[in-house]
Amino acid sequence: MPDQAAAARDAAEEASALSHPPVVPDATAAYGAHPDQVIDFYAPRGGAGHVPSGAEAAGTAPLVVVLHGGAWRSRYDRRHVTPFADFLARRGFAVANVEYRRGETDATATGSATGSTQAVAAGSGSGSGSAEASAAGAVGATGSTDASGGATPVAGRWPETFDDVAAALDALPALAREALPRADVNRTVLTGHSAGGHLALWAAARHLLPADAAWRTDRPAPLRGVVALAPLADFEVAEKLAVCEGAARQLLGGDEHFALRRPYADPSLLLPTGIATTLVQGRTDVVVPQAVAESYADAAAKAGEVVGLTLLEDVGHFPLIDPAADACAVVAEEIAQLAW
């Protein structure tokens, strides 16, 4: 548990990141029939960031795909990262902000500062991660108990959370060409924060999934790179540290399924990807501690792949997506280094 001063600092950083009003997208497109299967698009606005040249000067811009965090739980939706998406758009990027199905709605849970619309309870997913996926229900785990004694909503849905991210990434090039004519889908960078950082790393590694995984692709994703922000990148380490109240174990369906499903879901087991990858991590992060990112980078090195690890002093979990924080500008620069 973080000490009192660290917890207070984290709370202040979270409050700052979530204090910005949601930014309305320029367009929204559906990639499926469920209300959560949508992508918001933000056109490049230019001005404040990298000065484009070459093809960019002719009117095209790299596409940044954002996967939001929130421990895969329903109380956090994509709305809380719309200021971050707008921040990237104002730096000259075309941006796609992806929504996906998260944990089951808990009617007793308090809403977050994002103004999230709770996900409706869904039935079966559109696919399964492996031959054993249908053996359990969509969640198959119970929530933990928070510090106040109330129930914490379950993290994620198996297999729907993964179904959605795979489907969104597959549909994205065509949807982006329609919604953002200036987006250059051949220069796509995938980014995500916290649980979304996990999903970004996972989406870039689908070609390494077990052969029976419905999400597996026959070749690496056509990405310029991945910038994962304080990601839940190693499930074993995350569980040892009780990150987000056991969210990774819940995502995979609880104790009964954790070991069996890890090869289908844990980025630290899906290496080397062959895709340029950078992790950005605050050293004072008490939500997803630095050790999680370091473990992923170590696993990559053992697999023969160099993964960048940018450690930011005196930075916690939320400044990475807070347009008012200097850390957010560092994130944009890391993305620019891969995209431009």
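Quantities reported herein were computed from a predicted structural model and do not represent experimental measurements.
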*Would you please indicate if the ring centroids of Phe84 and His20 are separated by under 6.0 Å?*
no

*Could Arg206 and Asp170 be called an ion pair, given the rule that one side-chain N must be under 4.0 Å from one carboxylate O?*
yes

*asked:* Under a 3.5 Å distance rule, please check whether Arg182 uses its side chain to pair with a backbone N or O of Thr60 as donor and acceptor.
replied: no

*Beyond-backbone contact of Leu88 with Val66, side-chain heavy atoms, under 4.5 angstrom*: yes

*Measure from the side-chain N and O atoms of Glu13 to the backbone N and O of Asp322, and report whether any donor-acceptor pair falls under 3.5 Å.*
no

*Looking at side-chain heavy atoms only, is the closest gap between Leu270 and Tyr264 below 4.5 Å?*
no

*Tyr42 side chain to Phe87 main-chain N or O, any donor-acceptor pair under 3.5 Å?*
no

*Okay, side chain of Arg219, backbone of Thr217: is any donor-acceptor separation there less than 3.5 Å?*
no

*Could you pull out the closest heavy-atom pair between Ser194 and Val288, with the gap in Å?*
OG-CG2, 3.8 Å

*Of the non-hydrogen atoms in Phe41 and Ala179, which two are nearest, and what is the gap between them?*
CD1-CB, 3.5 Å

*Nearest atoms (heavy-atom pairs only) where Arg102 meets Ser74*: NH2-O, 3.3 Å

*Looking at side-chain heavy atoms only, is the closest gap between His198 and Pro267 below 4.5 Å?*
yes

*asked:* If we ignore hydrogens and angles and just use 3.5 Å, is the side chain of Trp215 paired with the main-chain N or O of Ala167 as donor and acceptor?
replied: no

*How about Asp266 and Leu252: do any of their side-chain heavy atoms sit closer than 4.5 Å?*
no

*Measure from the side-chain N and O atoms of Glu239 to the backbone N and O of Arg249, and report whether any donor-acceptor pair falls under 3.5 Å.*
yes

_Using 30° and 60° as the class boundaries, would you call the ring planes of His68 and Tyr100 parallel, tilted or perpendicular?_
parallel

Could you pull out all donor-acceptor pairs under 3.5 Å where a side-chain atom in residues 22-33 meets a protein atom, sequence neighbours excluded?
| from | atom 1 | to | atom 2 | distance (Å) |
| --- | --- | --- | --- | --- |
| Asp26 | OD2 | Ala43 | N | 2.7 |
| Asp26 | OD2 | Arg45 | NH1 | 3.1 |
| Asp26 | OD2 | Arg45 | NH2 | 3.4 |
| Thr28 | OG1 | Asp40 | OD1 | 2.7 |
| Tyr31 | OH | Glu99 | O | 2.6 |

*asked:* Run Phe93 and Trp340 through ring-ring contact (aromatic ring centres under 6.0 Å, His included) and show every step you take.
replied: CA-CA 9 Å; Phe93 298 108; Trp340 292 107; 5.3 Å; yes

*Check: Arg78 main-chain N/O paired with Asn97 side-chain donor or acceptor under 3.5 Å*: yes

Side-chain donor-acceptor pairs of residues 299-316 under 3.5 Å, sequence neighbours excluded:
| from | atom 1 | to | atom 2 | distance (Å) |
| --- | --- | --- | --- | --- |
| Glu305 | OE1 | Thr273 | N | 3.0 |
| Glu305 | OE1 | Thr273 | OG1 | 3.4 |
| Glu305 | OE2 | Thr273 | N | 3.2 |
| Glu305 | OE2 | Gly274 | N | 2.6 |
| Thr310 | OG1 | Glu334 | OE2 | 2.8 |
| Glu313 | OE2 | Arg283 | NE | 2.7 |

If you look only at distance, which donor and acceptor atoms sit under 3.5 Å apart when one is on a side chain in residues 225-235 and the other is two or more places apart or in another chain?
| from | atom 1 | to | atom 2 | distance (Å) |
| --- | --- | --- | --- | --- |
| Asp234 | OD1 | Glu236 | N | 3.0 |
| Asp234 | OD1 | Val237 | N | 3.1 |
| Asp234 | OD2 | Ser295 | OG | 2.7 |

*Please name the pair of heavy atoms, one in Pro319 and one in Ala327, separated by the smallest distance, quoted to 0.1 Å.*
O-CB, 3.8 Å

*Of all the heavy-atom pairs spanning Arg91 and Ala332, show the shortest one and how long it is.*
NE-CB, 3.3 Å

